Structures are given as C-alpha cells and as structure tokens.
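Working notes, structure below.
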Amino acid sequence: ERGYRGQQAIDTWQMLADNHSDDFRAAQGLEKAARLALNMGDREQSERLLARLIAEYPDSPMSPGLRDLQERLQEDV
C-alpha cells in the first residue's frame, strides 16, 4: 500500500504540472515527484521526471542541482 500511495503522490504532482504549467509550483511538483520515484526505487520514472523538469523549466533555480542528480542516476546504471 505504501508504494501505491507513493505512486498516487507522484501522479498528483505530475497532474499539477500538466494542468498548471505556468505556476511556479509545477516545477516544484515535478522535483518532488522525481525524488519520490527515486526513493521508491523507480529510477526510470525518476529520470523521466527529471528530464521533463529540466526541459520544461530550464530557468528553474532547482535545475542545476537536478541536472547533477540526473547525471548521477545515469552513471549508476
């Protein structure tokens, strides 16, 4: 059930980004979703979310740190 709840949270953060892409919280939601996916052991989903965040919000103050996280994820494969 914990995994199910985690996935629900990820889906909710993604929905925020889908439906309110101009809101500054959309980038925060994608970051939270990516980190949660990683914590749940879903590296592939985490990488997709990080790539989306960097692509859609390149000026986000979070992006430089997330790029580093994305590179580390890819190196560990």
Side-chain angles (χ1 to χ4, degrees):
E1 183 172 322
R2 182 177 171 189
Y4 176 73
R5 285 186 184 172
Q7 188 59 52
Q8 279 186 313
I10 291 168
D11 293 344
T12 299
W13 287 120
Q14 288 185 88
M15 197 174 354
L16 169 72
D18 292 342
N19 296 332
H20 304 284
S21 60
D22 292 337
D23 190 312
F24 75 94
R25 290 172 287 204
Q28 292 174 341
L30 289 174
E31 179 186 13
K32 289 177 189 244
R35 291 186 187 281
L36 180 55
L38 184 59
N39 289 340
M40 291 173 50
D42 191 340
R43 297 172 58 86
E44 187 176 314
Q45 181 173 219
S46 180
E47 287 176 9
R48 279 195 314 269
L49 290 163
L50 287 170
R52 177 180 173 187
L53 172 57
I54 291 167
E56 293 182 15
Y57 302 96
D59 297 328
S60 169
M62 295 173 276
S63 291
L66 292 176
R67 281 189 190 97
D68 180 59
L69 178 59
Q70 185 180 38
E71 290 170 6
R72 284 193 321 229
L73 279 169
Q74 292 171 346
E75 289 173 1
D76 289 344
V77 172

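Everything numeric here is computed off the predicted structure, so don't read it as measured data. Side-chain atoms are counted along with the backbone in the values below, which use heavy atoms only and exclude waters and symmetry mates.
Considering Arg43, Glu47, Gln45 as possible partners of Leu38, the one that fulfils the side chain to side chain contact (heavy atoms under 4.5 Å, CB included) test is Arg43.
The side-chain hydrogen bond (donor to acceptor under 3.5 Å, both in side chains) check on Arg52 picks up Asp18, Glu56, with sequence neighbours excluded. Considering only residues two or more places apart in sequence or on other chains, Asp11 meets the salt bridge (charged side-chain N to carboxylate O under 4.0 Å, His left out) condition with none of them. With sequence neighbours left out, Gln14 forms a side-chain hydrogen bond (donor to acceptor under 3.5 Å, both in side chains) with no residue at all.
Atom CG of residue Leu30 and atom CZ of residue Arg35 lie 12.5 Å apart, to the nearest 0.5 angstrom. To the nearest 0.5 Å, the span separating CD on Glu31 from CD1 on Ile54 amounts to 10.5 Å.
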_side chain to side chain contact (heavy atoms under 4.5 Å, CB included) between Leu49 and Ile10, intermediate numbers included_ = CA-CA 10 Å; Leu49 290 163; Ile10 291 168; 4.1 Å; yes
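Summarising the hydrophobic clusters (Ile, Leu, Val, Met, Phe, Trp, Tyr; side-chain heavy atoms under 4.5 Å, direct or chained), the residues clustered with Trp13 are Leu16.
Counted within 6.0 Å of CD on Gln8, heavy atoms from surrounding residues, nucleotides or ligands total more than 12; the atom is thus considered enclosed.
Proximity of a side-chain donor or acceptor of Tyr57 to a complementary backbone N or O of Gln28 within less than 3.5 Å is not detected. Side chain of Ser46 to backbone of Ala34: a donor-acceptor contact under 3.5 angstrom is found.
Taking both residues in full, the closest heavy atoms of Ser60 and Ala27 are given as OG-CB, 4.1 Å, listed atom of the first, atom of the second, then distance.
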